[in-house]
Amino acid sequence: MTTTASRIFVDPTTLRARFAARLSDLYGTEVPAYTTLLTVSGEVNRRVLARDGADAERLGSIERVTAERHGAIRVGSPRELAQVARIFGALGMRPTGFYDLRDAYPRPIPVISTAFRPIDRDELAANPFRVFTSMLVPEDRRFFSADLEERLRRFIDERTLFAPEVLELADRAEAGGGLESADADRFLTLATESFALSREPVDRAWYDELERVSAVAADIGGVARTHINHLTPRVLDIDDLYVSMQARGVEMIDAIQGPPGWEGPDVLLRQTSFRALAEPRVYRETDGSLVEGTMRVRFGEVEARGIALTPAGRDIYDRAMEDQARWSEYWPATERELHDRGLAFFTYRVADEPPAGLPPEAATGVDLVAGGWLVAEPIVYEDFLPRSAAGIFASNLTGTGSTDAGQGGADRDLAWLAERIGRTINVPEELYAAQSLASLRAARERLRQVARGQA
């Protein structure tokens, strides 16, 4: 945020932090158990910090971990997703990753997804807010008949998720690198309101028809508005969190999704949640009458983040996840071994007391670390896992849904989605690799400066 003699200008980083805080306040009001989740997460993080000291902050400072959130929303069409991209673009959040949950285990879900997040290392450190955003695929015949697709498309095309004013302010903020204070406040108010749970009556027959296909389809296409489905804090010990929430009397899903807990380095992402809550909603019956009822679509997720894996590391991860009883046999027991075998992404800094002289020009990152010139530091995984996301979704769904495996699907990939929303979708592994390479080059230059006596 910058100040001049005539105005206060709010930059995207500040907008993002303020939006995340407002959304957290909103969700805490709508879902009180989320406030309990924040309280318990804070208690767990303090215990880990007291137990492990500086090692607890190996993958991020306690300030960052405490502030960290990821949200999840769902939309119905490329038009709606493109509008979401404009709003998050104003907050310095770029579409990153492509996730297809239509073949997910244990239950197929008729959506494809991307995540909006900062991609710059400093921006992530300042505020790592991210939103996992799913889009319905009504063209997929495994889930939707031609007739249901047509009616679903019509319903989605006729609704308005975001007011023109919030989109116009978002475009101005993205183009101008922020907004003046009054406009910033107006933008944040409208954007937050856009993700509040709607109190408009829900057409029960229409909602039930979609729910027979998928509860997620009903949550997207059976209501007039989108909303935050969960807002996720980060915790340093998810096993402690899981037990602590149960001790508070909060019903959790059956398992922690993602890698199992073990004594070696944490990799990628572990997630769990409390079960979806029965929230009051008003239904419109076929005779036009309004009836009080409930809906279970929102839950309280929490996550523990580990080290980002290279493609070679992901290959091992995929095999190990199919053989979790022997998990430790697949993995090296230390971060250093992950680094030396090229299984995870690391940044580099010059050692406090590097050897005299310059290393060989052809020395690799592994050579430079082994020789004592550089120190390798793990890159935290900032993205998502389709299997874990599907597991969380499935654990909170009220019905089994239905699919027709004999029907053809609809081809969807990162390039297709990028074209529809008019934006480049970043590939997570490419971002991590670029970050690692940039830090290695900077560390090499620093070594040359040290050798020339310019430290």
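The structure presented is a predicted model; accordingly, all values stated were derived computationally and were not measured.
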Task: Atom pair CZ (F195) and CD1 (I73), whose distance is rounded to the nearest 0.5 Å - done: 4.5 Å
Open item on the list: How about CZ on R121, more than 12 heavy atoms from neighbouring residues, nucleotides or ligands closer than 6.0 Å, or not?
Closed with: no
Task: Within-4.5 Å side-chain heavy-atom neighbours: V369 and Y348 - done: yes
- [ ] Indicate yes or no: at least one non-hydrogen side-chain atom of E209 is less than 4.5 angstrom from one of R151.
- [x] yes
Task: Backbone of T334 reached by a side-chain donor or acceptor of W331 within 3.5 Å - done: no
- [ ] May I ask you to test the P108-F143 pair for a side-chain heavy-atom distance under 4.5 Å?
- [x] yes
Task: Short N-O contact, D340 and R336, less than 4.0 angstrom - done: yes
Open item on the list: Any donor-acceptor pair under 3.5 Å linking the side-chain atoms of E123 with those of T13?
Closed with: yes
Task: Residues L440, L374; criterion side chain to side chain contact (heavy atoms under 4.5 Å, CB included); working and verdict - done: CA-CA 9 Å; L440 180 59; L374 300 184; 3.8 Å; yes
- [ ] May I ask you to decide whether E174 forms a salt bridge with R94, counting only side-chain N to carboxylate O separations under 4.0 Å?
- [x] yes
- [ ] Specify whether F19 and F129 have parallel, tilted or perpendicular ring planes, treating 30° as the upper limit for parallel and 60° as the lower limit for perpendicular.
- [x] perpendicular
Task: Trace of the side chain to side chain contact (heavy atoms under 4.5 Å, CB included) decision for F144 with L136 - done: CA-CA 11 Å; F144 305 99; L136 202 60; 4.1 Å; yes
TODO: Mark yes or no for whether T133, through its side chain, and A115, through its backbone, hold a donor-acceptor pair below 3.5 Å.
DONE: no
Open item on the list: Does any part of the side chain of P78, heavy atoms only, come nearer than 4.5 Å to the side chain of M135, both counted from C-beta?
Closed with: yes
TODO: Could you tell me which residues satisfy ring-ring contact (aromatic ring centres under 6.0 Å, His included) with Y317, sequence neighbours excluded, listed by chain and number?
DONE: none
TODO: Evaluate the side-chain proximity of L101 to V216: yes if any heavy-atom separation is below 4.5 Å, no if none is.
DONE: no
Open item on the list: Please find the pair of heavy atoms, one from E337 and one from P332, that lie closest to each other, and give the distance.
Closed with: CB-CB, 3.3 Å
- [ ] Dump the intermediate steps for side chain to side chain contact (heavy atoms under 4.5 Å, CB included) on V40 and L241, then the final yes or no.
- [x] CA-CA 7 Å; V40 176; L241 182 284; 3.5 Å; yes
TODO: Check the surroundings of atom CG in D318: do more than 12 heavy atoms from other residues, nucleotides or ligands lie under 6.0 Å from it?
DONE: yes
- [ ] List the atom of T294, the atom of A278, and the distance in Å for their closest heavy-atom pair.
- [x] CB-CB, 4.1 Å
Open item on the list: Quiz question: by atom type and distance under 3.5 Å, do the side chains of S244 and R47 form a donor-acceptor pair?
Closed with: yes
Task: T192 side chain to L23 backbone, donor-acceptor under 3.5 Å - done: no
Open item on the list: Can you confirm whether P259 sits close enough to R270 that some side-chain heavy atom of one is under 4.5 Å from a side-chain heavy atom of the other?
Closed with: yes
Open item on the list: Using 0.5 Å steps for rounding, measure from the CD atom of E377 to the OG atom of S436.
Closed with: 11.5 Å
Open item on the list: Check whether Y27 reaches the backbone of N229 with its side chain - one donor and one acceptor, N or O, closer than 3.5 Å.
Closed with: yes
Open item on the list: Between E149 and R141 (salt bridge meaning N to carboxylate O under 4.0 Å), is one present in this structure?
Closed with: yes
Task: Donor-acceptor under 3.5 Å (R69 side chain, T66 main chain) - done: yes
Open item on the list: So, taking the atom named CG in L188 and the one named CG in L91, what distance separates them when rounded to the nearest 0.5 Å?
Closed with: 7.5 Å
Open item on the list: Any salt bridge linking R64 with E68? Criterion: basic side-chain nitrogen under 4.0 Å from a carboxylate oxygen.
Closed with: yes
Task: Option from F384, Y381, F116 for which ring-ring contact (aromatic ring centres under 6.0 Å, His included) with H70 holds - done: F384
Open item on the list: When you measure from the side chain of R349 to the backbone of S439, do you find a donor-acceptor pair of N or O atoms at a distance under 3.5 Å?
Closed with: no
- [ ] Measure the spacing between CG of D413 and CG of L417 and express it to the nearest 0.5 Å.
- [x] 9.0 Å
Task: Distance-minimising heavy-atom pair for G371 and P355 - done: O-CG, 3.2 Å
Task: Shortest non-hydrogen contact from R234 toward L59 - done: NH2-O, 2.7 Å
- [ ] Give the intermediate values and the outcome of side chain to side chain donor-acceptor pair (under 3.5 Å) for residues Y34 and S24.
- [x] CA-CA 9 Å; Y34 167 72; S24 185; 2.7 Å; yes
TODO: Find the distance between CZ (R74) and CD1 (I220) and round it off to the nearest 0.5 Å.
DONE: 6.0 Å
Task: Heavy-atom pair of closest approach, residues H339 and V366 - done: CE1-CA, 3.7 Å
- [ ] Can you measure from CG (L26) to CD (E30) and round to the nearest 0.5 angstrom?
- [x] 4.0 Å
Task: R51 and D237, any side-chain heavy atoms less than 4.5 Å apart - done: yes
Open item on the list: Other residues, nucleotides and ligands only: do more than 12 of their heavy atoms fall within 6.0 Å of CZ on R159?
Closed with: yes
TODO: Grab the two heavy atoms, one from P110 and one from S214, that are nearest each other, plus how far apart they are.
DONE: CD-OG, 3.5 Å
TODO: Would you kindly say whether Y432 and T310 are connected by a side-chain donor-acceptor distance under 3.5 Å?
DONE: no
TODO: For the residue pair L49 and E57, establish whether any side-chain heavy-atom pair is separated by less than 4.5 Å.
DONE: yes
TODO: Classify the angle between the aromatic ring planes of W206 and F155 as parallel (below 30°), tilted (30 to 60°) or perpendicular (above 60°).
DONE: tilted
Open item on the list: Please determine whether a side-chain nitrogen of the Lys or Arg among R58 and D266 lies less than 4.0 Å from a carboxylate oxygen of the Asp or Glu.
Closed with: no
Task: Short side-chain to backbone donor-acceptor contact, D25 and R22, under 3.5 Å - done: no
Open item on the list: Looking at E382 and R130, is there a salt bridge between them, counting it only when a charged N and a carboxylate O are closer than 4.0 Å?
Closed with: yes
TODO: Let me see the working for T232 and Q271 under side chain to side chain contact (heavy atoms under 4.5 Å, CB included), right down to the final yes or no.
DONE: CA-CA 9 Å; T232 303; Q271 299 169 284; 5.8 Å; no
